[in-house]
Amino acid sequence: MEKKVLVKLENVSKKYGNKYIIKNLNLEIYEGEFLTLLGSSGCGKTTILNIISGILKPTKGNVKVNGKMGYMFQKDLLFEWRTIWKNLLIGLEITKNNSKENQKTVLNRLEKYGLAEFKDNYPKELSGGMRQRIALIRTLSTNPNVLLLDEPFSALDYQTRLNISNDIYDVIKQEELTAVLVTHDISEAISMCDKIIVLSKRPATIKKEITLDFNKNLKPLERRKDPLFQEYFDEVWGLINEN
């Protein structure tokens, strides 16, 4: 059965002043796909993510979205004066969907991912990795089917990043989400995603789409040990650094 296209960018360009950040970019994101945008610093990765989310409007081109978006930012953006439980309910409060049934769904997720015992704690009492897990559960509270991740692990130490990449990967797969990750970390992209979109230097266009052919049962940490990992790394590194 043919996969459904949830996000489609057609000849999308974005201009700031007289300079193009993105130019004539075409991209299709399919249901159930976990995709990464990779490129050199300042090439327009986050701009593309913000155009997909609707935060930014393209200067030219069309954006078609057939789904509900959830956005996970670089910082967890938890409110320090609210308990974890009260933080988790923010999305429901804003969308006026704070019913008992929806609260129960959030609590079930909290229990499912092993964090229910911390619901009465405050953010400052949790580790960086735990805060990011809470931020993800909060993002899922409004039941999006497309998850946008803007360098969500960049503030974490290396060991925590490795561990939480496994956790976030598991959540995305279990929730059957379509996900788009922006990261500077080539290894992170290869270990987590199904497809990598390598972008050119500014103005961003797509240099290459690389579909990763790992065993489907491998988790991010296990992928890093697979012989294919180094092959993909060398290919992506070469594409990003060529003139």
Side-chain angles (χ1 to χ4, degrees), residues 2-74 139 144-154 165 168-169 172 177-214 231-243:
E2 190 173 344
K3 283 190 175 182
K4 183 179 179 182
V5 177
L6 292 189
V7 180
K8 188 172 187 177
L9 276 60
E10 298 176 308
N11 296 315
V12 166
S13 298
K14 182 64 180 176
K15 199 176 185 182
Y16 291 114
N18 61 355
K19 291 185 178 179
Y20 279 101
I21 306 299
I22 302 162
K23 197 162 187 182
N24 298 328
L25 189 136
N26 293 280
L27 177 64
E28 291 184 343
I29 301 170
Y30 294 89
E31 187 174 28
E33 192 169 58
F34 192 170
L35 178 148
T36 296
L37 300 173
L38 264 181
S40 58
S41 182
C43 76
K45 298 183 292 294
T46 296
T47 299
I48 295 169
L49 209 65
N50 288 337
I51 286 172
I52 292 171
S53 72
I55 292 172
L56 290 177
K57 300 295 182 186
T59 306
K60 297 178 183 177
N62 298 309
V63 180
K64 298 176 182 177
V65 176
N66 186 12
K68 189 176 179 183
M69 297 287 173
Y71 204 130
M72 191 169 171
F73 296 92
Q74 291 181 24
T139 302
N145 58 344
V146 180
L147 180 64
L148 307 178
L149 304 122
D150 187 9
E151 299 194 63
F153 317 130
S154 60
S165 67
I168 301 298
Y169 177 88
I172 288 169
L177 297 168
T178 302
V180 185
L181 171 69
V182 163
T183 180
H184 286 93
D185 190 328
I186 297 172
S187 296
E188 189 171 85
I190 296 168
S191 69
M192 292 188 73
C193 297
D194 307 318
K195 183 187 288 183
I196 293 174
I197 305 296
V198 182
L199 300 168
S200 67
K201 292 181 173 64
R202 196 165 54 197
T205 57
I206 293 176
K207 267 191 173 184
K208 190 172 183 180
E209 294 188 10
I210 302 171
T211 300
L212 304 177
D213 191 28
F214 289 106
E231 293 179 26
Y232 288 131
F233 186 97
D234 292 342
E235 181 180 7
V236 174
W237 176 265
L239 287 165
I240 290 174
N241 288 283
E242 71 183 8
N243 294 325

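Residue numbers run from 1 in the order of the sequence given.
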Pair Glu235-Val198, side-chain contact (heavy atoms from CB on, under 4.5 Å): steps then yes or no:
CA-CA 10 Å; Glu235 181 180 7; Val198 182; over 6 Å; no
Please name the pair of heavy atoms, one in [X] and one in [Y], separated by the smallest distance, quoted to 0.1 Å.
X	Y	result
Pro203	Tyr20	CB-O, 3.4 Å
Pro58	Val12	CB-CG1, 3.8 Å
Leu177	Pro144	CD2-O, 3.2 Å
Ala189	Leu38	CB-CD1, 3.8 Å
Ala204	Cys43	CB-O, 3.0 Å
Ile22	Gly44	CD1-O, 4.2 Å

Donor-acceptor check, side chain of [X] to backbone of [Y], threshold 3.5 angstrom: yes or no?
X	Y	result
Thr183	Asp185	yes
Asn11	Gly61	no
Tyr232	Asp213	yes
Lys208	Leu239	no
Lys14	Lys23	no

Minimum side-chain heavy-atom gap [X]-[Y] below 4.5 Å:
X	Y	answer
Glu188	Thr36	no
Val146	Ile29	no
Thr178	Val7	no
Glu33	Leu6	no
Ile196	Ile190	yes

Rounded to the nearest 0.5 Å, what's the gap from [atom1] on [X] to [atom2] on [Y]? Could you check?
X	Y	atom1	atom2	result
Ile210	Cys193	CD1	SG	12.0 Å
Met192	Leu149	CE	CG	7.0 Å
Asn50	Asp150	CG	CG	7.0 Å
Leu56	Leu49	CG	CG	10.0 Å
Glu10	Leu25	CD	CG	11.5 Å
Ser40	Lys201	OG	NZ	5.0 Å

Strictly by modelled atom types, are Thr205 and Ser200 linked by a side-chain donor-acceptor pair under 3.5 Å?
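The criterion, which ignores hydrogens and geometry beyond distance, is satisfied for Ser200 and Thr205.
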Determine, step by step, whether His184 and Lys45 satisfy the side-chain contact (heavy atoms from CB on, under 4.5 Å) criterion, reporting the C-alpha distance in whole Å, the side-chain angles of both residues, the deciding distance to 0.1 Å, and the verdict.
CA-CA 9 Å; His184 286 93; Lys45 298 183 292 294; 3.6 Å; yes
With side-chain contact (heavy atoms from CB on, under 4.5 Å) as the criterion, how do Val180 and Ile197 come out once you've worked through the C-alpha distance, each side chain's angles and the decisive distance to 0.1 Å?
CA-CA 10 Å; Val180 185; Ile197 305 296; over 6 Å; no
Val5 vs Asn66, test: side-chain contact (heavy atoms from CB on, under 4.5 Å). Steps then yes/no.
CA-CA 8 Å; Val5 177; Asn66 186 12; over 6 Å; no
So, applying salt bridge (charged side-chain N to carboxylate O under 4.0 Å, His left out) with Glu28, which one of Lys8, Lys4, Lys195 is it?
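Going through the options one by one, the only one that passes is Lys8.
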